[in-house]
Amino acid sequence: MTPVSYFPHKNNDMFVENIALSDIAQHVQTPFYCYSSTAIETSFQAYKNAFSSQDALICYAVKANSNQAVLATLAKLGSGADVVSMGEIRRAITAGIPADKIVYSGVAKTEEEIHYALSLGIFQFNVESEPELELISKVATSLNKTAAIAFRINPDVCAQTHAKISTGKAENKFGVPISKARIAYKRAASLPGIKVQGVDVHIGSQLTSLAPFEEAYQRIAELVNELRADGHEISVVDVGGGLGITYLDEIIPSKQSYADLVKAQLGHLNCKIIIEPGRSLLGNAGILVSSVVFIKNGEERQFLILDAGMNDLIRPSMYEAYHQIIAVNKGANELKTYDVVGPVCETGDTFAKARQVHKSDAGDLIAIMSSGAYGSVMSSSYNTRMLAPEVMVKGNEFAIVKKRPSYEEIIKQDIIPSWL
């Protein structure tokens, strides 16, 4: 889907499902995030249909958007969860995702986190290193439990994506090098409290081609055969996530094409397949709605200054990421070229340079598209700015699913020591 598929304009006003964004803005002060429940459900169902001929479990990557309303929506659809912290496990469980549908990734799992995950009985630990394996064995043994594990394998495949979200090259911090995989699995099989059950791979995020997936899965299939020849009972292959979305004009392979590739490369292994979509479920299901504070005429350019800043959506500053920027009300037909910036005291607080947007005035609403994934979850209160609230829409209804904290609540988080 394109960024505007779920946020169309009707009579020049942008809608989310059956509600005009301007109506929501009258009840919720900008800036705020807005999600379409139908968009989330539709994207999940597309994955479910695509993998219907395979023994597959969809484990949503919680890091993309961890709002309880989002997780509860997915839980009702039967989703599992891919988590990377104890906090994300707690979020998933609270939202109704059962522990036996949770896979636990992440490079720095602590003893406390492992203990908690084992006590719940999660489906699988995706182990990132041999020291982590040793710790899991120690904790599992102390609890008289068995931890089901898969090693995250680094296949040294270039994901052809942004360097900061590429995770499958040899120089990246993630996983066990494929060249050392058989040694790692041999060690795992010798440890108490460990059940070797799978192989995991995740090469990066926002992939727009199936070629890197194909190369990685070919290497994983070969590894599974080698591990089975070594005597390991491999019954699960976690293929990770990473399928991209359209931010502007990227042509993304369909979920069916992706599922067909997984089946072609791994189907002969007769393994349970774990899929970990995040961005491709939430990215285009959400937007950031902001208001124009000022139009500033600079010496060389005109600035559209918004009340949303890099603390609300950091992707453009961190990744040089492109997000479509659209006037919520297209009453003016004239397009103007603006640098679209926020109020934060940083030059990097820039959403776009020399971007054409419908002519805007102070008070007009602006939508920053494709913000449903890695938007609110990466936000902060830098400059002591209040976090943007989150709104979810379903048909003719909307609800605030995360409120905006007050200044008092933000400041009260600080503790003044006794000597002051």
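The first residue in the sequence is number 1, and the count goes up from there. For clarity, every value in this text was computed on a predicted model and none was experimentally measured.
Sorted by first and then second residue, the pairs that involve residues 341-352 and meet side-chain hydrogen bond (donor to acceptor under 3.5 Å, both in side chains), not counting sequence neighbours, are Glu346-Tyr382. Screening residues 103-117 for salt bridge (Lys or Arg N to Asp or Glu O under 4.0 Å) gives Lys109-Glu132, Glu111-Lys138 as the qualifying pairs, with residues at least two apart or on separate chains. Residue pairs satisfying the side-chain hydrogen bond (donor to acceptor under 3.5 Å, both in side chains) criterion with at least one member in residues 71-100, sequence neighbours excluded, are listed as follows: Asp82-Ser105. Applying the salt bridge (Lys or Arg N to Asp or Glu O under 4.0 Å) test to pairs two or more places apart or on separate chains, those with a residue in residues 41-56 are Glu41-Lys394, Asp55-Lys272.
Residues passing the ring-ring contact (aromatic ring centres under 6.0 Å, His included) test with Tyr247, sequence neighbours excluded: His323. Not counting sequence neighbours, the partners of Phe213 by the ring-ring contact (aromatic ring centres under 6.0 Å, His included) test are Tyr217, Tyr258. For Tyr35, the side chain to side chain donor-acceptor pair (under 3.5 Å) partners two or more places apart in sequence, or in a different chain, are Asn65, Glu390. With sequence neighbours excluded, no residue forms a side chain to side chain donor-acceptor pair (under 3.5 Å) with Glu130. Here Phe151 pairs with Tyr185 under the ring-ring contact (aromatic ring centres under 6.0 Å, His included) rule; sequence neighbours left out. With sequence neighbours left out, the side chain to side chain donor-acceptor pair (under 3.5 Å) criterion links Thr38 to Glu17. Applying the ring-ring contact (aromatic ring centres under 6.0 Å, His included) rule to Tyr116 yields no partners; only residues at least two apart in sequence or on another chain are considered. Partners of Asn396 according to the side chain to side chain donor-acceptor pair (under 3.5 Å) rule, which considers only residues two or more places apart in sequence or in another chain, are Asn18.
For the pair Ile97 and Ile102, the minimum side-chain heavy-atom distance is below 4.5 Å. At a threshold of 4.5 Å between non-hydrogen side-chain atoms, the residues Val196 and Ile234 count as touching. Contact of the Val127 side chain with the Arg152 side chain is not registered, since no non-hydrogen atoms from C-beta on lie closer than 4.5 Å. For the pair Ile287/Cys34, a side-chain contact is recorded, criterion being any heavy-atom separation below 4.5 Å from C-beta on. Side-chain contact between Ile326 and Ile366 is absent, with no heavy-atom pair separated by less than 4.5 Å. Counting only heavy atoms from C-beta outward, the side chains of Asp238 and Glu276 approach each other to under 4.5 Å. Between Ser291 and Asp364, every side-chain heavy-atom pair lies at or beyond the 4.5 Å cut-off. Leu21 is listed as a side-chain neighbour of Val16, based on a closest heavy-atom distance under 4.5 Å.
Between the side chains of Gln124 and Asn126, at least one donor N or O sits under 3.5 Å from an acceptor N or O. Between Ser53 and Lys263, the side chains place a donor N or O and an acceptor N or O closer than 3.5 Å (distance only, hydrogens not considered). A side-chain N or O of Asp307 and one of Ser290 form a donor-acceptor pair less than 3.5 Å apart. For the residue pair Ser379 and Asp312, no side-chain donor N or O sits within less than 3.5 Å of a side-chain acceptor on the partner.
Residues Arg228 and Glu233 are not paired through a salt bridge, judged by the lack of any N-O separation under 4.0 Å between the basic side chain and the carboxylate. With respect to Asp230 and Lys186, no salt bridge is recorded, no charged nitrogen being found less than 4.0 Å from a carboxylate O.
Heavy-atom minimum distance, Glu409 versus Gln413: O-CG, 3.4 Å. Residue Ser137 comes nearest to Leu191 through the heavy atom pair OG-CB, 3.7 Å, listed as atom of the first residue, atom of the second, then distance. Taking every heavy atom of both residues into account, Pro212 and Val157 meet most closely at O-CG1, 3.6 Å.
Relative to the ring axis of Tyr322, Arg355 places its NZ or CZ within 45° and under 6.0 Å from the centre.
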